[in-house]
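First comes the structure, then the notes that go with it.
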Amino acid sequence: MTERQKDRPWLMRTYAGHSTAEASNELYRRNLAKGQTGLSVAFDLPTQTGYDPDHILARGEVGRVGVPVSHLGDMRRLFQDIPLEQMNTSMTINATAMWLLALYQVVAEEQGADVTRLQGTTQNDIVKEYLSRGTHVFPPGPSLRLTTDMIAYTVNHLPKWNPINICSYHLQEAGATPVQEISYAMSTAIAVLDAVRDSGQVPEERFGEVVARISFFVNAGVRFIEEMCKMRAFGRIWDKITLERYGIENPKQRRFRYGVQVNSLGLTEAQPENNVQRIVLEMLAVTLSKDARARAVQLPAWNEALGLPRPWDQQWSLRIQQVLAHESDLLEYEDIFAGSHVIEAKVDSLVQECLAEIERIQEMGGAMAAVESGYLKSQLVSSHAERRARIENGDEKIIGVNIFQATEENPLTADLDTAIMTVDPAVEARVVGSLTTWRDNRYQPPFNHPRPCKALERLKEAARGTGNLMEATLECARAGVTTGEWTGALREVFGEFRAPTGVSSAPVAVTAEAGTPLALVREKVTRTADELGVGRLRLLVGKPGLDGHSNGAEQIAVRARDAGFEVVYQGIRLTPEQIVDAALAEDVHCVGLSILSGSHAELVPDVLDRLREAGATDVPVIVGGIIPNADATELKRAGVAAVFTPKDFGITEIIGRIVDEIRTAHKLSPLESTEVLA
């Protein structure tokens, strides 16, 4: 130990939640006992998108990727025996952020907490939902209003709460370069701060308090130097914007405050043990530099490319943080990169490029206008396509995937079905049953909630006006309103929004010169269409359920387009019925389903059954996603033609396989590569 006092470690969190509020509460209390210093709540997709567990779109999604919270009773159980006044809680919630914060506040009040002392964060960044994560509900204007109202409310009533966590994390997952990640996040921050300022809800002299509560949630990839420089550039640009655009003189209020989860995009299904060293390197990028150190860190688990991590896997990730903070000398020194001309040059370059891109977005009318025009989405789809192309041609090397693929047998995954956590399929029925009981008994002792209809009517009335929506939302929480009822009331007033897909405007990322793999696949597509007597082969790419991770679906759609397919892609959040109706209406030759949330066991068989009932037995169905081996076997037994998982990184090869399945379904003879060239 040196003479210098060690710095205080960052907040250590584990992103967690699954099955039910009771099961997640037990997990949280275990994690806190292991030394975790904050909570990071993962909500399931129905909660994130404002549906109750018994809604048709929630089928197969309940408790899969997070905890279902349908009403105040669920929130009580989620934090039972956890004193919220003493806790720092991060909630990854966006479209329904106001609702979940209201439930959290009411539970804290019931615990006897002083709500002015509540600490934590609601993510509440709707822009990145339109671009990358897909859990948006309302159009951009009303969504920005919800965010604005929540920020104004917390500044006045929950002064230690971070009401928005502007999230560039998912932008990188969607393919963003460091320049895009910084620029789009900063453009979102400008849109939010402008909206709060222009709303008049916070006096000008208190606007520094708004800026001081804005936090960011970023991604750190394995390109260590670039990622560390990115964080320094983030801080400099934030300081410049808050000083020059908003006139914030207090340097403490201008401080760039960020938490991080390191990159999940770079985790591989192939040789997943390599993910451990990737996670460590990525964590170093946001902890080694004191001047750009994260305020909170949560790490993915080594097996997240395989499925849902177990508690032991999450513990391993927590221990990685603890070893660095408590065993190493990292926290004993000033910034070890200060004065490095290499770092300074890289940071300066990033700052200049980002400022130029931010200005370009402002000239378009700002982040919201750039979302609605499709500019931001098309840029991300293009960047992601370029990255995938670099991996496929070997320019970007991924150990175990496109280089050094030979490996010893892995004892960690010897039994893949036990190497991940599985959610009991019976959970959904139990949660739906609990919801029915809540609806039937919320007016009765011991709950004695007032009738929710009055609270919902007041919410709709407030939404039609211009007043702050938080008080009406709190009234709904206290009245026992459900998540679906709250969101449904606002849907009536605000409507819904389907974001641009970015597929049609994405440029070609892979060349098709003679002899290239894509040229061979294009020839297969053309020849098969000729043999079937159709102008072009037609592929429907579908996203059933509530899974909004559309990156894979978009890349398949873009490459299929470039291979000569006519692609039907209507975006996310579709029912099996809607997908089959579109397949029949468009007379497609193949249906491709993309699911990463674990709902494949419920939704894929439904699509297959509906196609059979319609007589479309010659339309093969292929499936892609994070699908365990046992599930893949069951899907093939049910009639799925092919299953692709993250280890199948060659998109051109996948498109070729799709053509093969179409030929098989139509009883055409197989085409070998030599035949295609002939």
Item to check | Presence of salt bridge, K6 and E327, under 4.0 angstrom | outcome: no
Checklist entry - Got a salt bridge between R64 and D547, using NZ or NE/NH1/NH2 to carboxylate O under 4.0 Å? => result no
Next on the checklist: Is the shortest side-chain heavy-atom distance between S550 and K377 below 4.5 Å?
Outcome noted: yes
Next on the checklist: Restricting to non-hydrogen atoms, name the atom on Y333 and the atom on D7 that form the minimum distance, rounded to 0.1 Å.
Outcome noted: O-OD2, 4.3 Å
Checklist entry - So V260 and R295, side-chain contact (heavy atoms from CB on, under 4.5 Å) or not? Walk me through it. => result CA-CA 8 Å; V260 65; R295 297 280 292 270; over 6 Å; no
Checklist entry - Could you give the distance from OG (S382) to CZ (R387), rounded to the nearest 0.5 Å? => result 14.0 Å
Item to check | Under-4.0 Å salt bridge between D348 and R232 | outcome: no
Checklist entry - Counting only heavy atoms not in F224, do more than 12 sit closer than 6.0 Å to its CZ atom? => result yes
Next on the checklist: Walk me through whether Q123 and K128 qualify under side-chain hydrogen bond (donor to acceptor under 3.5 Å, both in side chains).
Outcome noted: CA-CA 11 Å; Q123 192 169 99; K128 62 91 177 177; 2.7 Å; yes
Checklist entry - Can you tell me how far CD1 of I391 sits from CD of E396, rounded to the nearest 0.5 angstrom? => result 5.0 Å
Next on the checklist: When you compare the side chains of T116 and D114, does any donor N or O come within less than 3.5 Å of an acceptor on the partner?
Outcome noted: yes
Checklist entry - Is the side chain of D239 donor-acceptor paired with the backbone N or O of G235 at a distance under 3.5 Å, no angle test? => result no
Checklist entry - Can you find a pair of side-chain heavy atoms, one from R245 and one from K240, that are under 4.5 Å apart? => result no
Next on the checklist: Minimum heavy-atom separation for I182 and I237, please, with both atom names.
Outcome noted: CG2-CD1, 3.7 Å
Checklist entry - Is the side chain of Q48 donor-acceptor paired with the backbone N or O of N94 at a distance under 3.5 Å, no angle test? => result no
Checklist outcome for this item: Closest heavy-atom pair, Q321 versus L11, reported as atoms and distance to 0.1 Å, is OE1-O, 4.3 Å
Checklist entry - Is there a side-chain contact between E554 and H384, using heavy atoms and a 4.5 Å cut-off? => result no
Next on the checklist: Quick check: do T89 and V41 have side-chain heavy atoms less than 4.5 Å from each other?
Outcome noted: yes
Item to check | Donor-acceptor contact below 3.5 Å, side chain E304 vs main chain A301 | outcome: yes
Next on the checklist: Is there a side-chain contact between T268 and F649 in this structure, where contact means two heavy atoms from C-beta onward sitting under 4.5 Å apart?
Outcome noted: no
Checklist entry - Between atom CD of E344 and atom CZ of F337, what is the distance when rounded to the nearest 0.5 Å? => result 12.0 Å
Item to check | Near-ring test F217/Y258, centroid separation under 6.0 angstrom | outcome: no
Next on the checklist: Would you call the rings of F256 and W238 parallel, tilted or perpendicular, taking 30° and 60° as the class edges?
Outcome noted: perpendicular
Next on the checklist: Please evaluate residues Q314 and L27 with respect to the criterion side-chain contact (heavy atoms from CB on, under 4.5 Å), reporting the C-alpha separation (whole Å), side-chain torsions for both, the decisive distance (0.1 Å), and the verdict.
Outcome noted: CA-CA 10 Å; Q314 294 183 328; L27 177 62; 3.9 Å; yes
Next on the checklist: Please identify which of these residues, L318, I279, V280, meets the side chain to side chain contact (heavy atoms under 4.5 Å, CB included) condition with L299.
Outcome noted: I279
Next on the checklist: Is it true that, when you exclude R117 itself, more than 12 heavy atoms of the residues, nucleotides or ligands shown sit nearer than 6.0 Å to its CZ?
Outcome noted: no
Checklist entry - Should V218 and M231 count as side-chain neighbours, where that means a heavy-atom distance under 4.5 Å? => result yes
Checklist entry - If you count the non-hydrogen atoms of other residues, nucleotides and ligands that lie under 6.0 Å from CZ in R8, is the total more than 12? => result no
Checklist entry - Where is the tightest heavy-atom contact between I190 and Y246, given as atom of each residue plus distance? => result O-OH, 3.2 Å
Item to check | Main-chain N/O of T47 paired with T96 side-chain donor or acceptor, under 3.5 Å | outcome: yes
Next on the checklist: For S215 versus N162, what's the shortest heavy-atom pair and its separation?
Outcome noted: OG-CB, 3.8 Å
Checklist outcome for this item: On a heavy-atom basis, the closest approach of N165 and D125 is O-CB, 3.8 Å
Checklist entry - How about Q405: does its CD atom have over 12 heavy atoms from other parts shown lying under 6.0 Å from it? => result yes
Checklist entry - Does any non-hydrogen side-chain atom of S264 lie less than 4.5 Å from one of Y169? => result yes
Next on the checklist: Please tell me whether N263 and R278 have a donor and an acceptor in their side chains that are separated by less than 3.5 angstrom.
Outcome noted: no
Checklist entry - If only atom types and distance count, is the side chain of Q271 paired as donor or acceptor with the main-chain N or O of F404 below 3.5 Å? => result yes
Next on the checklist: Let me confirm one number: the OG-CG distance from S132 to L376, rounded to the nearest 0.5 Å.
Outcome noted: 10.5 Å
Checklist entry - Counting N and O atoms only, with roles assigned by atom type, does the side chain of R197 sit under 3.5 Å from a partner on the main chain of F207, one being a donor and the other an acceptor? => result no
Checklist entry - Checking D648 side chain against T645 main chain: does a donor-acceptor pair fall under 3.5 Å? => result yes
Next on the checklist: Q36 vs T14, test: side-chain hydrogen bond (donor to acceptor under 3.5 Å, both in side chains). Steps then yes/no.
Outcome noted: CA-CA 8 Å; Q36 188 172 298; T14 302; 2.9 Å; yes
Checklist entry - Will you find, in the side chains of Q261 and N219, an N or O donor that is under 3.5 Å from an N or O acceptor? => result no
Checklist entry - Any luck finding a side-chain donor-acceptor pair between R254 and N250 under 3.5 Å? => result no
Checklist entry - Looking at CG of L324 and CD of Q322, how far apart are the two atoms once the value is rounded to the nearest 0.5 Å? => result 11.0 Å
Checklist entry - Roughly how far apart are C167 SG and I126 CD1, rounded to 0.5 Å? => result 11.5 Å
Checklist entry - Relative to the ring of Y130, is the ring of H136 parallel (under 30°), tilted (30 to 60°) or perpendicular (over 60°)? => result tilted
Next on the checklist: Can you confirm whether more than 12 heavy atoms, excluding those of E204, are under 6.0 Å from its CD atom?
Outcome noted: no
Next on the checklist: For a quick check under 3.5 Å, do E173 and N551 share a side-chain donor-acceptor pair by atom type?
Outcome noted: no
Checklist entry - Can you check whether W161 and Y104 have ring centres sitting under 6.0 Å from each other? => result yes
Checklist entry - Tell me, do E226 and P178 make a side-chain contact under 4.5 Å, heavy atoms counted? => result yes
Item to check | Intermediate values then yes/no, side-chain contact (heavy atoms from CB on, under 4.5 Å), V67 and H18 | outcome: CA-CA 4 Å; V67 57; H18 66 86; over 6 Å; no
Checklist entry - Quick check: are there more than 12 heavy atoms from other residues, nucleotides or ligands sitting under 6.0 Å from CZ of R145? => result yes
Next on the checklist: Quick one, M87 with Q119, criterion side-chain contact (heavy atoms from CB on, under 4.5 Å). Give me CA distance, side-chain angles, the key distance, then yes/no.
Outcome noted: CA-CA 7 Å; M87 192 52 52; Q119 295 186 71; over 6 Å; no
